[in-house]
Amino acid sequence: MAVKESEKVFEQEGQNFNSMVPGSTAKKLRTCIIWQFIRFVAINIKMIIVVSKSH
Amino acid sequence: MARLVVLGGGVSGHTTATFAAKWLGSGHEVVVVTPNAKWNWIPSNIWVGVGQMTKENVTFDLAPVYAKAGINYKQAKAVSINPEGSESSGKPFVSIEYTEAGKEGVTENIEYDYLVNATGPKLNFGATPGLGEGSQLGEHTVSVCTADHAVHASHELFKCIEKMKKGERQKFLIGTGHGMCTCQGAAFEYIFNIEHELNKAGVRDMADLQWISNEAALGDFGMGSLHMSAMGYVVNSRIFTESLFTERNVKWIIGAHVNRVESKKVHYELLDGSYGEESFDFAMLIPPFAGVGIKAYSKDGSDITDTVFAPNGFMKVDANYAAGDYANWKASDWPSTYQNPKYGNLFAAGIAFAPPHPISKPRVTPNGTPITPTPPRTGMPSGIIGKAVAHSICDLITKGENAPLHHASMAHMGAACVASTGKGFADGTAAAMTVYPVVPDFDKYPGTGRDTDYTFGEIGLAGHWIKHILHHLFIWKAKLKFGWTLIPE
Ligand SMILES: Cc1cc2nc3c(=O)[nH]c(=O)nc-3n(C[C@H](O)[C@H](O)[C@H](O)COP(=O)(O)OP(=O)(O)OC[C@H]3O[C@@H](n4cnc5c(N)ncnc54)[C@H](O)[C@@H]3O)c2cc1C
């Protein structure tokens, strides 16, 4: 079976074998403009809360 | 009429001076002593270092801004402080040496009623043989700590890209250049921005990317790592950081004290006491930070530098410097007013204050070499501290010397950080994080030391948009343009 694109980076004997990696959907969502616009709003709200707790 | 002198026109000192000038009005004088003619939005130096921004994009002239604010600006560096004055005058003063073109080396004593030391770090390249001399970068590696360094770094990067295009494999070594460094976040941003640019240039397959840092685990960032709430889990930053390194095919060496740099090679010692070396074609290693080396003298001229400053050159403030071992460390050790314990009219803000101890667990190799990330004091805490100090001093001036001081402890303050992992309107990404509080408080939050309702992180394009917007917002604010006071630190 062909190795999935996101799993090509693993080295069986290497330091990264126990790491988690994002699958293709998670990776696509990172630069999906619509999803990221929603995240933009959400992250800003979270940041504003932390900033206002800190001043 | 009182005079406030602010040493350092960086993130913290600029905040102190501009708010103090606004709040005090023309009835009192604010003086800024800073050696550079330009203000630099340092976080965007990363983008200068990969050729995605120019020096002009991240700097602007200070003189017109200070003229507009009614601030007396002296392009000079502070050399010493006489907090008790001299035998001929009881008035405290600071001795400065001009760096302004045409006036270089001219000295002056400036009397003050209140003094804020916001001189940031000395980039202590000289601490590692081969990394540089004193605060000067050496010839073997590059840096992104100043805008000029970053311009040089981008030129060296382009040379490597050209070589790769011609079929020559290149190795990039990025991280920290000493066992006691802080600012791992900047190196983290730089390695992933390089990786992003190499992909864009179509030469990623010709590059080996290697991280080297003094963190005991990836994701420590000098904050003893952080636990975040994500996907219904509480997850340590190590998991996310290792994931990103794996995904982007970056190898890592951690727990490393770089002890010597040569042409195309570093030597290091690891936490287990073993030694190693790593070759490179291009290296960016963050230097350790120290205080800028200001001296202090008593009324009779004797040297009292060790009364005012800690051995690392940072200024002593209202922190608990006697906490002792790691097991005794408490969030309450961290300062909150930033007032010098001996001289009440002396304050320190931003990186210039001496932290009581690291945040990350201190570690020593079997050979006795300490390898411990020192605590970060990033932009948001530096700005908030600068503003709190301005508030305190304005109250002391206008309400009298018994006015209560304002507090801004890093143990009660959060930080929003956005770490770029590649620039681009549609293909850029950044890790957007909040951490609350910056210094973990295991008494208040016994599990992770932090409130996981307010400590989160995620990577994506939205983070990049936020980072880019913040670049413009903070430069707008620093230029004191319309509505600047409404933009939070
Ligand atoms: C490459 C890089 C990227 C970074 N990215 C981020 C980021 O993304 N987010 C974030 O929050 N933080 C980031 N930081 C950290 C941030 O830049 C610092 O937290 C902030 O600059 C600290 O402010 P400061 O005023 O204490 O010091 P500085 O901003 O360094 O200011 C110190 C000032 O004092 C002046 N000075 C020095 N010596 C003297 C003297 N003898 N007399 C008078 N003045 C003197 C200096 O010229 C300078 O103007 C980054 C740092 C680096 C190096």
Side-chain angles (χ1 to χ4, degrees), chain A, chain B residues 218 231 235 238-254 380-381 383-384 387-388 408 410 412-418 421-422 424-430 432-438 451 453-466 469-470 488-489:
Chain A
M1 192 176 148
V3 61
K4 288 184 184 145
E5 189 59 37
S6 59
E7 293 165 23
K8 279 185 182 165
V9 287
F10 285 120
E11 294 164 8
Q12 215 174 335
E13 301 295 327
Q15 61 182 172
N16 70 14
F17 192 66
N18 295 326
S19 306
M20 77 176 185
V21 288
S24 57
T25 311
K27 268 172 126 171
K28 277 193 196 112
L29 282 175
R30 280 191 197 159
T31 48
C32 164
I33 303 274
I34 298 167
W35 176 242
Q36 287 300 316
F37 183 74
I38 297 166
R39 297 314 302 155
F40 178 81
V41 174
I43 296 168
N44 269 298
I45 292 169
K46 289 184 183 193
M47 285 189 165
I48 287 165
I49 293 169
V50 170
V51 168
S52 57
K53 272 173 79 75
S54 304
H55 276 70
Chain B
L218 282 181
M231 300 171 293
V235 192
R238 181 178 68 81
I239 309 282
F240 282 117
T241 314
E242 278 189 10
S243 170
L244 188 65
F245 275 66
T246 300
E247 179 198 335
R248 309 272 287 259
N249 198 11
V250 177
K251 305 275 183 294
W252 62 87
I253 300 168
I254 45 172
M380 184 173 151
I384 293 177
K387 191 171 176 182
M410 283 169 57
H412 300 140
M413 170 199 306
C417 299
V418 189
T421 49
F425 176 75
D427 66 350
T429 51
M433 282 174 277
T434 63
V435 48
Y436 190 90
V438 178
D451 188 338
D453 287 342
Y454 302 106
T455 302
F456 87 101
E458 71 175 71
I459 187 164
L461 182 59
H464 170 71
W465 291 336
I466 294 171
I469 291 169
L470 290 179
E489 285 64 48

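Below, chains carry the letters A, B, ... as their sequence lines are ordered, and counting in each starts from 1. All figures in this text were calculated on a predicted structure; none of them were measured in a lab.
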Nearest heavy atoms of [X] and [Y], plus distance in Å:
X	Y	value
B:A462	A:I43	CB-CD1, 4.1 Å
B:T246	A:V21	CG2-CG1, 3.6 Å
B:I459	A:R30	CG2-NE, 3.3 Å

Side chains of [X] and [Y] in contact at under 4.5 Å (non-hydrogen atoms):
X	Y	answer
A:V51	B:M380	yes
B:E247	A:P22	yes
A:Q36	B:W465	yes
B:I469	A:F40	yes
B:W252	A:N16	yes

Which bit of [X] comes within less than 4.5 Å of chain A, counting heavy atoms only: side chain, backbone, both or neither?
X	result
B:I466	both
B:E458	side chain
B:V438	neither
B:F456	side chain
B:A388	neither

Checklist entry - For A:K27, is it the side chain, the backbone, both or neither that has a heavy atom under 4.5 Å from a heavy atom of chain B? => result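 Only the side chain of A:K27 comes within 4.5 Å of chain B.
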
Next on the checklist: Under the criterion side chain to side chain contact (heavy atoms under 4.5 Å, CB included), I'd like the reasoning laid out for A:M47 against B:V418: C-alpha separation, chi angles, the key distance, then a yes or no.
Outcome noted: CA-CA 10 Å; A:M47 285 189 165; B:V418 189; 3.7 Å; yes

Checklist entry - Given B:Y454 and A:K46, is the side chain to side chain contact (heavy atoms under 4.5 Å, CB included) satisfied, shown in steps? => result CA-CA 7 Å; B:Y454 302 106; A:K46 289 184 183 193; over 6 Å; no

For the [atom1] atom of [X] and the [atom2] atom of [Y], what is their distance to the nearest 0.5 Å?
X	Y	atom1	atom2	value
B:I253	A:Q15	CD1	CD	8.5 Å
A:I33	B:F425	CD1	CZ	5.5 Å
A:S54	B:H412	OG	NE2	11.5 Å

Next on the checklist: Before you tell me yes or no, could you show the steps for A:E11 and B:K251 under salt bridge (charged side-chain N to carboxylate O under 4.0 Å, His left out), namely the whole-Å CA-CA distance, both residues' side-chain angles and the distance that decides it to 0.1 Å?
Outcome noted: CA-CA 11 Å; A:E11 294 164 8; B:K251 305 275 183 294; 3.0 Å; yes

Item to check | B:T434: which of A:I49, A:V50, A:I48 passes side chain to side chain contact (heavy atoms under 4.5 Å, CB included) | outcome: A:V50

Item to check | Test item: B:S243 side-chain N/O and A:M20 main-chain N/O as donor-acceptor pair under 3.5 Å | outcome: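 The answer is yes, because a donor-acceptor pair under 3.5 Å joins these two groups.
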
Checklist entry - Counting only heavy atoms not in A:F10, do more than 12 fall under 6.0 Å of its CZ? => result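 Yes.
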
